[in-house]
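No hydrogens, no waters, no symmetry mates; every other heavy atom, side chains included, goes into these values. Note that the coordinates shown come from a computational prediction; the quantities given were computed from them, not determined experimentally.
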Amino acid sequence: MADDVPKGSGESETSESLKAFGEVLKAFRKRAALTQEQFAPRVGYSVPMVASIEQGRRAPSKKLVDKAEVVLDAFGVIRAAARPLTRRAGLAKWFEEWAELEPLAVTLNIFENRYLPGLVQTPAYAKTLFEKQIPALNEEQIETKMVARLERMQLIFDHPQTIYSFIFEEHVLRRQVADAEVMREQIDHILAIGERSHVDIQIMPASRGHHAGIDGPLQLLETEENTWYAYCEGQRTSQLISDPKEVSVLQQRYARMRTQALSVEASVGLLREIRGAL
């Protein structure tokens, strides 16, 4: 998975920057006369996770940095201490560049033929994928990845001016990677997202056979400067593409896929059919 399959251990290596940030966070927490047990729920993290961050063993997410800055009234010091940190907790190294681009997108197109992409997953669906990952993750690693995933899930809701287009292979929705209850909740979530005016969801039906995206998953992104990027991913590796000629080829493929997939309206009907069969 783009944002959950680790390279090596998948965890942020201990560095002087992480240690320094941890010391700053701990100093301001103590200044506020808060124990880790008192502080953790205020920023939405577990006590072990806060302890790991303070010890410099885990990189903080932007969400934690922003919340800690407010909760601890840190005068901008916590945000400043976080700037040297290059890793984002819970994200694979090869996905970080693309993750930095996602919040800057004015257009984001995603085709997926393996599993539902992180931006539209429910927490239960995402957690199931993490729990079944090979090599196995421990509870702390799963929590780290869940925090990163939940942060990314908010993009659709926090960026209503961004145009999102999703195309999923039909078998992605029929494959029960989790139990029926989780899959029903997941399809309900997709249907709800699809009702938003800035989101289009289409299904590539199994009956289509050959189509323009058969080579594999594809993501396309346009920034405010009207610069386009593409992202392609395999197992434990990926490619961020900025060459306009290469991006253009992938844009052509995605445009063809939109005509080959079911319409938005027909896709809603198929989603409801699949849900009813669960």
Participant: Do Leu64 and Met49 touch side chain to side chain, with heavy atoms closer than 4.5 Å?
Facilitator: no
Participant: How close do Ala266 and Ser263 get, counting heavy atoms only, and between which atoms?
Facilitator: N-OG, 3.0 Å
Participant: Please report the interatomic distance CZ(Arg83) to CZ(Phe21), rounded to the nearest 0.5 Å.
Facilitator: 11.5 Å
Participant: Do Arg79 and Val65 have side chains that approach each other closer than 4.5 Å (heavy atoms only, starting at C-beta)?
Facilitator: yes
Participant: Just checking Arg174: does its CZ atom have more than 12 heavy atoms from other residues, nucleotides or ligands closer to it than 6.0 angstrom?
Facilitator: yes
Participant: OH/Tyr229 to CD/Glu222 distance, rounded to the nearest 0.5 angstrom?
Facilitator: 11.5 Å
Participant: Verify side-chain contact (heavy atoms from CB on, under 4.5 Å) between Arg29 and Glu54, making sure each step is shown before the conclusion.
Facilitator: CA-CA 10 Å; Arg29 175 179 59 75; Glu54 289 189 352; 2.6 Å; yes
Participant: Step through the shown structure and confirm whether more than 12 heavy atoms of other residues, nucleotides or ligands are within 6.0 Å of CZ on Arg256.
Facilitator: no
Participant: Looking at every non-hydrogen atom in both residues, tell me the closest pair between Lys132 and Val177 and how far apart they are.
Facilitator: NZ-O, 2.8 Å
Participant: Where do Leu72 and Arg31 come nearest, in terms of heavy atoms and distance?
Facilitator: O-NH1, 3.4 Å
Participant: How long is the gap from CG on Asn109 to CE on Met257, to the nearest 0.5 Å?
Facilitator: 9.0 Å
Participant: Show the nearest heavy-atom pair for residues Pro123 and Met146, with the distance to one decimal.
Facilitator: O-CE, 3.6 Å
Participant: I'd like to check Leu191 versus Ile187 (side-chain heavy atoms, cut-off strictly below 4.5 Å). Are they in contact?
Facilitator: yes
Participant: Check whether Gln260 reaches the backbone of Ala212 with its side chain - one donor and one acceptor, N or O, closer than 3.5 Å.
Facilitator: yes
Participant: Can you check whether Asn113's main-chain N or O pairs, donor with acceptor, with His171's side chain at less than 3.5 Å?
Facilitator: yes
Participant: So Phe166 and Tyr164, would you call those rings parallel, tilted or perpendicular, with 30° and 60° as cut-offs?
Facilitator: parallel
Participant: Do you see a donor-acceptor pair shorter than 3.5 Å between the side chains of Glu102 and His159?
Facilitator: no
Participant: Between the main-chain N or O of Pro217 and the side-chain N or O of Glu112, is there a donor-acceptor pair closer than 3.5 Å?
Facilitator: no
Participant: Between Leu150, Thr128, Leu129, which is the residue that forms a side-chain contact (heavy atoms from CB on, under 4.5 Å) with Gln121?
Facilitator: Leu129
Participant: Would you say Trp98 ends up clustered with Val247 if hydrophobic residues are merged whenever their side chains have heavy atoms under 4.5 Å apart, either directly or through other cluster members?
Facilitator: no
Participant: Give a yes-or-no answer on whether the side chains of Thr223 and Glu225 include a donor-acceptor pair shorter than 3.5 Å.
Facilitator: yes
Participant: Does the Gln141 side chain pair with the main chain of Asn138, one donor and one acceptor, at a distance under 3.5 Å?
Facilitator: yes
Participant: How long is the gap from OG on Ser238 to CZ on Phe95, to the nearest 0.5 Å?
Facilitator: 8.5 Å
Participant: Quick check against the 3.5 Å criterion: does Gln219 have a side-chain atom that pairs as donor or acceptor with the backbone of Tyr231?
Facilitator: no
Participant: Check for me, please, whether Tyr115 and Ile274 land in the same ILVMFWY cluster - side-chain distances under 4.5 Å, paths through other members count.
Facilitator: yes
Participant: Looking only at non-hydrogen atoms, find the nearest pair between Leu250 and Leu220 and report the distance.
Facilitator: O-CD1, 3.8 Å
Participant: Is there a side-chain contact between Val147 and Tyr45, using heavy atoms and a 4.5 Å cut-off?
Facilitator: yes
Participant: To the closest 0.5 Å, what do you measure between CD1 (Ile190) and CD1 (Ile203)?
Facilitator: 7.0 Å
Participant: Under 4.5 Å between any side-chain heavy atoms of Glu224 and Leu104, yes or no?
Facilitator: no
Participant: Quick check: do Tyr125 and Leu116 have side-chain heavy atoms less than 4.5 Å from each other?
Facilitator: yes
Participant: Has the side chain of Ser248 got a donor or acceptor atom that lies under 3.5 Å from a matching backbone atom of Pro244?
Facilitator: no
Participant: Do Leu155 and Phe111 belong together in a cluster built from hydrophobic side chains that touch within less than 4.5 Å?
Facilitator: no
Participant: Passes side-chain contact (heavy atoms from CB on, under 4.5 Å), Phe28 versus Phe75? Steps please.
Facilitator: CA-CA 10 Å; Phe28 273 94; Phe75 314 108; 4.2 Å; yes
Participant: Please indicate whether Glu37 has more than 12 foreign heavy atoms, meaning atoms of other residues, nucleotides or ligands, lying under 6.0 Å from its CD.
Facilitator: yes
Participant: With heavy-atom distances below 4.5 Å as the criterion, would you say the side chains of Cys232 and Leu218 are in contact?
Facilitator: yes
Participant: Can you give each donor-acceptor pair under 3.5 Å made by side-chain atoms of residues 178-185, sequence neighbours left out, with the distance rounded to 0.1 Å?
Facilitator:
unit_1	atom_1	unit_2	atom_2	d
Asp179	OD1	Glu181	N	3.2
Asp179	OD1	Val182	N	2.9
Arg184	NH1	Leu278	O	3.4

Participant: If you look at every heavy atom in Ala261 and Pro205, which pair is closest and at what distance?
Facilitator: CA-CD, 4.2 Å
Participant: Check step by step if side-chain contact (heavy atoms from CB on, under 4.5 Å) holds for Leu119 and Leu108.
Facilitator: CA-CA 11 Å; Leu119 292 182; Leu108 184 56; 3.6 Å; yes
Participant: Check for me, please, whether Val70 and Val43 land in the same ILVMFWY cluster - side-chain distances under 4.5 Å, paths through other members count.
Facilitator: no
Participant: With side chain to side chain donor-acceptor pair (under 3.5 Å) as the test, pick out the partner of Glu169 among Arg208, His211, Arg114.
Facilitator: His211
Participant: Could you check if a side-chain atom of Arg272 sits within less than 4.5 angstrom of a side-chain atom of Val268, using non-hydrogen atoms only?
Facilitator: yes
Participant: Quick check: is Ile241 connected to Leu101 through a chain of hydrophobic side chains (ILVMFWY, heavy atoms under 4.5 Å apart)?
Facilitator: no
Participant: Nearest 0.5 angstrom please: Arg253 CZ to Ile214 CD1, how far?
Facilitator: 11.0 Å
Participant: Assess the residue pair Val120 and Ile156 against the criterion (side-chain contact (heavy atoms from CB on, under 4.5 Å)); give the C-alpha distance rounded to whole Å, side-chain angles, the decisive distance to 0.1 Å, and a yes or no.
Facilitator: CA-CA 8 Å; Val120 301; Ile156 290 175; 4.1 Å; yes
